[in-house]
Student: 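Encoded as structure tokens, here's the structure I'll be asking about.
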Amino acid sequence: MTTQSYLPVPPGVGMEENFLSLDDILLSQEKLPTRAECAFPRLGFVEKTSDTRDIPEGTKMEMPLWLSKGLYDNKRRLVSVEHPKIYRQGWRTVFSADPNVVDLHKMGPYYYGLGSQLLHFDSPENPEIAQTVLQTYIGRFRRIMDSSQNAYNEDTSTLVERLDVLERCLFRTGQAGLNDFQRWEKGQASQITASNLVQNYRKRKFQDLEA
């Protein structure tokens with residue numbers, strides 16, 4: 001049995017992140033277009049395109065997701081968050097027509113994760129965004145799984161280069177299942193044995209009977 005020095009931690013599901021997941025850590029660095037709703041004194045150095053000492057009210061800038069979530073507050077109105085273009089109405093129309101034509105990795109490698117995180121920010125478009133993200137996943141699921149099952153022992157780099165990070169994980173899972181099935185058909189699957197817990201229980205039971 002092979003052992004791994006690092007066991008991957010899966011990303012969080014929905015709006016909550018898993019702080020132990022490398023994918024969620026990378027997702028938290030995704031940039032969001034924001035607008036300063038008040039002045040930020042002595043923070044001009046944060047905005048690289050500005051040479052002023054302060055960040056004046058109304059300044060538009062890009063912030064990482066983790067900072068945007070930390071500053072966003074409906075009551076205090078520190079910053080307002082705009083949707084990245086791939087989640088706006090124009091792209092939602094494209095996804096509703098045919099989600100398979102979009103290069104999700106090029107548009108943003110964390111399309112599904114970032115789309116879920118956008119629901120943290122109050123917007124009348126949130127229901128439409130959530131529905132589009134869900135329908136996009138459903139619409140692309142079958143094609144991804146079909147590709148993973150029909151690419152046995154082939155170079156799959158061209159197949160996965162257009163996929164979101166979540167979709168790439170799905171593709172690898174499909175291929176792993178196919179590889180296991182192929183090994184089983186050829187009689188190369190490992191023999192199924194009882195777990196150590198069951199074996200130890202049997203030993204104790206025999207010892208009790210002998211006593």
Side-chain angles (χ1 to χ4, degrees), residues 7-18 20-34 62-66 68-69 81-186:
L7 297 177
V9 178
V13 178
M15 294 170 61
E16 298 303 323
E17 302 132 305
N18 186 338
L20 295 176
S21 168
L22 293 179
D23 279 330
D24 279 357
I25 293 173
L26 294 174
L27 167 62
S28 70
Q29 302 298 321
E30 289 289 297
K31 298 294 183 64
L32 293 178
T34 59
E62 289 190 336
M63 289 185 180
L65 172 64
W66 65 267
S68 302
K69 288 172 63 176
V81 177
E82 299 179 6
H83 296 135
K85 64 179 181 179
I86 196 172
Y87 301 100
R88 297 175 189 169
Q89 179 59 47
W91 277 100
R92 295 204 298 269
T93 302
V94 174
F95 282 116
S96 64
D98 185 1
N100 290 293
V101 303
V102 182
D103 186 342
L104 278 190
H105 196 269
K106 180 179 180 181
M107 298 301 298
Y110 294 96
Y111 171 76
Y112 299 105
L114 186 58
S116 299
Q117 293 295 314
L118 288 178
L119 303 181
H120 278 288
F121 311 106
D122 291 334
S123 169
E125 297 184 60
N126 279 356
E128 288 80 7
I129 292 176
Q131 183 67 14
T132 299
V133 170
L134 175 62
Q135 292 302 319
T136 298
Y137 183 78
I138 294 173
R140 291 167 65 98
F141 177 87
R142 181 172 181 176
R143 185 173 182 179
I144 293 170
M145 292 306 296
D146 285 346
S147 298
S148 70
Q149 299 297 297
N150 295 315
Y152 185 64
N153 286 335
E154 296 181 8
D155 181 13
T156 59
S157 58
T158 57
L159 294 175
V160 301
E161 63 181 4
R162 295 167 59 88
L163 302 182
D164 160 273
V165 169
L166 177 63
E167 293 175 338
R168 291 185 177 188
C169 180
L170 176 65
F171 184 88
R172 290 194 297 269
T173 301
Q175 278 208 313
L178 176 62
N179 289 335
D180 290 343
F181 177 73
Q182 295 283 354
R183 292 178 63 251
W184 176 81
E185 277 194 325
K186 296 176 182 178

Student: Looking at SG of C169 and CG of L163, how far apart are the two atoms once the value is rounded to the nearest 0.5 Å?
Tutor: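 The distance works out to 11.5 Å.
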Student: How close do S123 and P127 get, heavy atom to heavy atom, and via which atoms?
Tutor: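 The pair with the smallest heavy-atom distance is O-CD, 4.3 Å.
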Student: Check whether any side-chain N or O of N126 sits under 3.5 Å from a backbone N or O of F121 as a donor-acceptor pair, and report yes or no.
Tutor: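 Looks like yes, one N/O pair under 3.5 Å.
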Student: Side-chain contact test, heavy atoms from C-beta onward, threshold under 4.5 Å: evaluate it for I129 versus H83 and give yes or no.
Tutor: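 Yes, their side chains come closer than 4.5 Å.
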Student: Would you call Q175 and Q149 a side-chain contact if the rule is heavy atoms closer than 4.5 Å?
Tutor: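 A side-chain contact is absent here, since even the closest heavy-atom pair is not under 4.5 Å.
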Student: Do E82 and T34 come close enough that some side-chain heavy atom pair is under 4.5 Å?
Tutor: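 Sidechains of T34 and E82: no contact.
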Student: Using a strict 4.0 Å threshold on nitrogen-to-oxygen distance, state whether R88 and E125 make a salt bridge.
Tutor: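 Salt bridge absent between R88 and E125.
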Student: Are any of the side-chain heavy atoms of V81 and P33 separated by less than 4.5 Å?
Tutor: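 No, their side chains stay 4.5 Å or more apart.
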Student: Report yes if the side chains of M107 and K85 come closer than 4.5 Å at any heavy-atom pair, otherwise no.
Tutor: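 Yes, close enough: below the 4.5 Å cut-off.
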Student: Verify whether the ring centers belonging to F95 and Y111 lie closer than 6.0 Å.
Tutor: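 Under 6.0 Å, so yes.
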Student: Within the structure provided, determine whether V94 and W91 are in side-chain contact (heavy-atom separation under 4.5 Å).
Tutor: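 Of all side-chain heavy-atom pairs linking W91 with V94, at least one is under 4.5 Å.
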Student: Walk me through it: do Q29 and L65 pass the test side chain to side chain contact (heavy atoms under 4.5 Å, CB included)?
Tutor: CA-CA 6 Å; Q29 302 298 321; L65 172 64; over 6 Å; no
Student: With a 4.0 Å cut-off, would you call E167 and R140 a salt bridge?
Tutor: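 Salt bridge flag = yes for R140 with E167.
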Student: Tell me the closest heavy-atom pair linking T136 and P99, and the distance in Å.
Tutor: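 Scanning both residues completely, I find the closest heavy atoms to be CG2-CB, 4.0 Å.
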Student: Compare every heavy atom of D164 with every heavy atom of G108, then report the nearest pair and how far apart it is.
Tutor: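 That would be O-OD2, 4.3 Å.
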Student: Taking the side chain from Y87 and the backbone from G115, do they hold a donor-acceptor pair closer than 3.5 Å?
Tutor: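 Pair found, side chain donor or acceptor close to backbone of G115.
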Student: Return the NE2 to OG distance between H120 and S68, rounded to the nearest 0.5 Å.
Tutor: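 Rounded to the nearest 0.5 Å, the NE2-OG separation comes out at 11.5 Å.
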Student: So, do L114 and L32 sit near enough that their side-chain heavy atoms are less than 4.5 Å apart?
Tutor: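 A side-chain contact exists here, since the closest heavy-atom pair is under 4.5 Å.
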Student: Among L166, V165, D24, which residue meets the side-chain contact (heavy atoms from CB on, under 4.5 Å) test with Y110?
Tutor: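 Only one option passes, and that is V165.
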Student: Which value, rounded to the nearest 0.5 Å, describes the distance between R168 atom CZ and T173 atom OG1?
Tutor: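 Output value for this atom pair is 14.0 Å.
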Student: Between R162 and L104, is there a donor-acceptor pair closer than 3.5 Å when you use the side chain of the first and the backbone of the second?
Tutor: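 Here the side-chain-to-backbone pair does not exist.
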Student: What I want to check is whether the side chains of E128 and T132 have a donor and an acceptor closer together than 3.5 Å.
Tutor: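 Per modelled atom types, E128 and T132 side chains form no pair under 3.5 Å.
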Student: Apply the test side chain to side chain contact (heavy atoms under 4.5 Å, CB included) to residues L170 and M145: give CA-CA distance (whole Å), side-chain angles for both, the deciding distance (0.1 Å), then the verdict.
Tutor: CA-CA 8 Å; L170 176 65; M145 292 306 296; 3.7 Å; yes
Student: For the atom pair CZ (R142) and OG (S147), what is the distance rounded to the nearest 0.5 Å?
Tutor: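 It is 11.5 Å, given to the nearest 0.5 Å.
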Student: Find the distance between OG (S148) and CZ (R172) and round it off to the nearest 0.5 Å.
Tutor: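 Rounded to the nearest 0.5 Å, the OG-CZ separation comes to 12.0 Å.
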Student: Is any side-chain heavy atom of P64 closer than 4.5 Å to a side-chain heavy atom of E30?
Tutor: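 Answer no - side chains too far apart.
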